[in-house]
Engineer: 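Can you read through this structure? Questions will come right after.
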2 protein chains.
Amino acid sequence: MRHNRPEAMSDIVKDPLPATPDTAFGDTGAETGNAHKQKTRIQITNEAKILEAALEVFSKDGFRGATLDRIASAADMSKPNLLYYFSSKEDIHITLLTKLLDLWLAPLRNLRADGDPREELSLYIRHKLQMSRQLPRESRLFANEVLRGAQHIGPLLKEDLHDLVDEKAAIIQSWIDAGKLAPCDPRHVIFAIWATTQHYADFDVQIRSVLRRDDDDQSHYADAEQLLTTLFLGQLIKD
Amino acid sequence: MRHNRPEAMSDIVKDPLPATPDTAFGDTGAETGNAHKQKTRIQITNEAKILEAALEVFSKDGFRGATLDRIASAADMSKPNLLYYFSSKEDIHITLLTKLLDLWLAPLRNLRADGDPREELSLYIRHKLQMSRQLPRESRLFANEVLRGAQHIGPLLKEDLHDLVDEKAAIIQSWIDAGKLAPCDPRHVIFAIWATTQHYADFDVQIRSVLRRDDDDQSHYADAEQLLTTLFLGQLIKD
DNA sequence: TAACATTTTTACCGGCTGGTCAAATATTCA
DNA sequence: TGAATATTTGACCAGCCGGTAAAAATGTTA
């Protein structure tokens, strides 16, 4: 058995926190035996090992800049052995992105129409900020992919992501219509939250340079959370 | 004469608009004959041609993902000919980044302590947004470089950028002290403006997917500007 | 135009690239 | 246990990679 897409990625989610609501993009059923032949124990661990290594390399150097040799060595594996589990470099990349997209969008999926706008938005911001702090490689993986034109997840963005944003923008719009929120374009509000929160992962080095923070110092995240909630929920300028 | 850093990059600035105040990082004096030998007409045009091609390639694929062959062919030049003007791939990348950093930070340099906070901030946002719209490749070039850890401009971030942000954060702080602005961390305000404005260049494909905008349609920038000024200058939530 | 300097081209290099193949090894299970 | 299957390895390949050397072509200027 070779080259059937791996399904297990338990250890990438390090702290689900508010518990991702449900799966939507792509089937991630790991143990629930579907049509494909059952996975070997070795298969499961090795595919996870490869995807972990690939995340490390792809998130730093992007698709073109990454090499199979470096992924293989990061996975502590020979290159042909790696290619026994995945058919190509592209296969690894697409598998990784597809698997992680769900995790990545979980906070937005959590946005509830029947909740209090203030609470819902601040929860969303906090959740996204926490993902930047705890899953910076995942953030950079997506940033790299989108930067080069989303050549491997273009259709996913145009269909699944588009639909999700439309759905959640409608919720925000309903809050505006109810007079609970100042009139604004809901989709750009979502963009602004993405931008500001993911910035702390994607531009980590720049932020640390400006703030003179050591690599392991994450104390600026508290300031970030305070500013962003102030920004999105209150007014910045008093006068 | 070979491999002395090129100095001319006139055509990369397409629309300076509020006129960049002064140069700071790196000397960009093109015609003002300094110690180096005078540049040939051919040198000037070819170095500009190479940097333009390099911007195209580096901004899409990052440093590791880009190749000299692709840069050379984009510059309509043979690879050895390209290497007659620059000593290495790294040389091209660093030259490009250094030259562009000044342009990139010009809007922040423009922030004036004696101006009205509302006007100064909204001008800054508008200026940054316009750069995302008109110079998206430059934005992506920096995003790629920072994503992979700023290996080529690390010192510039830690010294020049740090100092600039400190200086401008002090201005914002003075507005807060004067009661003109709600108390907040000024440096994170700057981060938030960077994040939200640059997002429209760096994540262009994603935004177009969500909004279903054609490649040449830039109508969403008006909505973006409206939301961002609302966000940074007014209050989002009324209740 | 002739001497000189600058620019471009051709041919090339060793190492890395994504990927293949077949043989060797380990694992599973009747 | 042993046969069947799953996994790992080493040897290899064509093409690309960043970069070099030297000659050929072009431009400049006295």
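All values derive from a computational prediction rather than experimental measurement.
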Engineer: Counting just side-chain N and O atoms, does B/Asn46 come under 4.0 Å of either OP1 or OP2 of C/dT8?
Structural biologist: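 Yes, within the criterion.
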
Engineer: Would you indicate whether the side-chain heavy atoms of A/Thr197 and A/Leu228 approach each other to under 4.5 Å?
Structural biologist: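 Contact flag for A/Leu228/A/Thr197 side chains = yes.
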
Engineer: To the nearest angstrom, how far is A/Leu82 atom CG from D/dG10 atom C1'?
Structural biologist: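 In whole Å, D/dG10 C1' lies 16 Å from A/Leu82 CG.
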
Engineer: Do B/Asp217 and B/Ser219 have side-chain atoms, one donor and one acceptor, less than 3.5 Å apart?
Structural biologist: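 Yes, side-chain donor-acceptor contact under 3.5 Å.
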
Engineer: Mind calculating the distance between CZ (B/Arg64) and C1' (C/dC16) to the nearest angstrom?
Structural biologist: 11 Å

Engineer: Measure CG/A/Asp91 against P/C/dT20 and give the value in whole Å, please.
Structural biologist: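 For the pair A/Asp91 CG and C/dT20 P, the rounded distance is 12 Å.
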
Engineer: Would you tell me if any nitrogen or oxygen in the side chain of A/Ser78 comes within less than 4.0 Å of OP1 or OP2 on D/dT8?
Structural biologist: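 Checking A/Ser78 against D/dT8: no side-chain N or O falls below 4.0 Å of OP1 or OP2.
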
Engineer: Can you tell if the side chain of B/Ile71 reaches within under 4.5 Å of the side chain of B/Glu56, non-hydrogen atoms only?
Structural biologist: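 B/Ile71 vs B/Glu56: side chains apart.
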
Engineer: For A/Glu145 and A/His152, does a side-chain donor sit closer than 3.5 Å to a side-chain acceptor?
Structural biologist: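 No, no side-chain donor-acceptor pair sits under 3.5 Å.
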
Engineer: Please compare B/Leu68 and A/Pro80 by the position of their nearest nucleotide in DNA chain D and report the one closer to 5'.
Structural biologist: A/Pro80

Engineer: Looking only at the side chain of A/Asp69 (C-beta and beyond, no hydrogens), which of the listed nucleotides D/dT7, C/dG18, D/dT20 gets closest?
Structural biologist: C/dG18

Engineer: Quick one: label B/Thr67 by what it contacts on the DNA or RNA (base, sugar-phosphate, nothing), any heavy atom closer than 4.0 Å.
Structural biologist: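 It contacts sugar-phosphate atoms only.
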
Engineer: Can you tell me how far C1' of C/dT6 sits from CD1 of B/Ile44, to the nearest Å?
Structural biologist: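 These atoms are roughly 14 Å apart.
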
Engineer: Can you name the atoms? Protein N/O to nucleotides 28-30 of chain C N/O, anything below 3.5 Å, with the distance.
Structural biologist:
residue : atom : partner : partner atom : Å
C/dT28  : OP1  : A/Arg41 : NH2          : 2.4

Engineer: So do A/Asp102 and A/Arg109 actually touch side chain to side chain, heavy atoms under 4.5 Å?
Structural biologist: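 Yes. Closest side-chain heavy atoms under 4.5 Å.
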
Engineer: Think A/Lys128 forms a cation-pi with A/Trp104, using NZ or CZ under 6.0 Å from the six-ring centre and within 45 degrees of its axis?
Structural biologist: yes

Engineer: Using atom NZ of B/Lys79 as one end and atom P of D/dC17 as the other, report the distance to the nearest whole Å.
Structural biologist: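 Nearest whole value for this atom pair: 7 Å.
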
Engineer: Rounded to whole angstrom units, what separation is found between the CE atom of B/Met77 and the P atom of D/dT26?
Structural biologist: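 Rounded to the whole Å, the gap is 16 Å.
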
Engineer: Is the phosphate of C/dT7, meaning OP1 or OP2, less than 4.0 Å from a side-chain N or O of B/Gln43?
Structural biologist: yes

Engineer: Can you check the B/Asn81 CG to C/dT10 C1' distance for me, whole Å?
Structural biologist: 12 Å

Engineer: Using a 4.0 Å heavy-atom cut-off, does A/Ala66 contact any base of the nucleic acid, only the sugar-phosphate backbone, or nothing at all?
Structural biologist: sugar-phosphate

Engineer: Measure the shortest side-chain to side-chain distance between A/Arg208 and B/Lys158 over non-hydrogen atoms and say whether it is less than 4.5 angstrom.
Structural biologist: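 No, too far: nothing below the 4.5 Å cut-off.
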
Engineer: When you measure from the side-chain N and O atoms of A/Tyr84 to the phosphate of D/dT7, is any distance below 4.0 Å, counting only OP1 and OP2?
Structural biologist: yes

Engineer: Round to the nearest Å and state the distance from B/His93 atom NE2 to D/dG18 atom P.
Structural biologist: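 In whole Å, D/dG18 P and B/His93 NE2 are 13 Å from each other.
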
Engineer: What about B/Lys89, does its side chain sit under 3.5 Å from the base of D/dG19 through a donor-acceptor pair?
Structural biologist: no

